[in-house]
Amino acid sequence: MNSNPLPYSFYKQDTIHLAKALIGTHLMHTVAGEIVVGRIIETEAYLGVLDKACHSYSNKQTKRTAILFGPPGRVYTYTMHTHCLLNIVAGKEDQPEAVLIRGVKPVFGFEKMEALRGMKATSTTFSNGPGKLTKALGITMNHYGHFLCEDPLIICEGSEPTRIEVTNRIGIGKADQAKHYPWRFIEKEI
DNA sequence: GACATGATTGCA
DNA sequence: GCAATCATGTCT
């Protein structure tokens, strides 16, 4: 397995392209000396200023979203209800865009992941949601602002996706037209 | 389809 | 301070 982190330049591409390019890559986390790896299979792009569903809509900057206004390639974690959601900051500085990781497939470190998640990794509901995958991979608010080219949490090259499907985003309550934007990418099951 | 559950936010 | 909000998960 290739464990070289993707270069910083990878994160400089257009946010929507980045969301698509992240499909099939490997999210690798070293937690308590053990390595767990998930293959990213579902992402969503959030385009800051234009996007009513984004936390940084119309350049709204708060303590929570501050990291979005910095350089890309960083982790934006955010607590939703009782869960922690994982985003990757995209866009240039002062361009508050991000990609939400919505789903992964277990690749390596099954025992550790099962212990973290408290469920069998073979279950179809194991890591097919933004709150589930952070739990399975041991990602917490401690990773807020972490740079993804450095240990213990990195993204490295995975395998080519078979087929990418583009749909509108889901789980957004009130965001008017923004919820219809086709900014969700999923790898279709073989 | 209901509700549990916690951090953030905006306003008093 | 406090109440409304929420990019969810799990149960029925």
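Not measured: the values here are computed from a predicted model.
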Practice item. Write out the stems for DNA chain C, ordered by first number and formatted as range with range, counting runs of at least 3 consecutive Watson-Crick or G-U wobble pairs under 3.5 Å. Key: B:1-4 with C:8-11, B:6-11 with C:1-6

Practice item. For each nucleotide in nucleotides 4-12 of chain B, reading 5' to 3', give B when a protein heavy atom comes within less than 4.0 Å of its base, S when such contact involves only the sugar-phosphate, and - otherwise. Key: BBBSSSS--

**Study point:** OG1-CG distance between A:Thr65 and A:Leu68, expressed to the nearest 0.5 angstrom
**Key:** 5.5 Å

Check your understanding: Within the distance-only criterion (no hydrogens, no angle test), does the side chain of A:Glu44 pair as donor or acceptor with the backbone N or O of A:Ile170 below 3.5 angstrom?
Key -> yes

Practice item. Please determine if A:Arg169 and A:Asp51 form a salt bridge, counting it only when a charged side-chain N lies under 4.0 Å from a carboxylate O. Key: yes

Practice item. Using the test side chain to side chain contact (heavy atoms under 4.5 Å, CB included), find all partners of A:Asp176 that sit at least two apart in sequence or belong to another chain. Key: A:Lys52, A:Lys174

Exercise for review: Would you jot down, in residue-number order, the residues of residues 105-132 of chain A having a non-hydrogen atom under 4.0 Å from DNA chain B?
Suggested key: none

Practice item. Test A:Phe147 against A:Tyr8 for ring pair (Phe, Tyr, Trp, His ring centres under 6.0 Å), laying out the working first. Key: CA-CA 9 Å; A:Phe147 188 41; A:Tyr8 175 55; 5.8 Å; yes

Review point. Would A:Phe108 and A:His26 satisfy ring pair (Phe, Tyr, Trp, His ring centres under 6.0 Å), going step by step from the backbone distance to the final call?
Key: CA-CA 10 Å; A:Phe108 185 83; A:His26 283 169; over 10 Å; no

Revision key, fill the gap. Applying side-chain hydrogen bond (donor to acceptor under 3.5 Å, both in side chains) to A:Thr125 and not counting sequence neighbours gives A:Ser123

Practice item. Please name all residues satisfying side chain to side chain contact (heavy atoms under 4.5 Å, CB included) with A:Ile23, sequence neighbours left out, ordered by chain then number. Key: A:Thr43, A:Pro161, A:Ile164, A:Phe185, A:Glu187

Point to revise | Integer-rounded Å distance: C:dT5 P and A:Ile172 CD1 | key: 18 Å

Point to revise | N/O donor-acceptor pair under 3.5 Å between A:Tyr46 side chain and A:Tyr57 backbone | key: no

Practice item. Could you check whether A:Leu100 gets within reach of a base, just the sugar-phosphate, or nothing at all, counting any heavy atom under 4.0 Å? Key: base

Review point. In terms of ring plane angle, is the pair A:Tyr78 and A:Tyr76 parallel, tilted or perpendicular, where the classes change at 30° and 60°?
Key: parallel

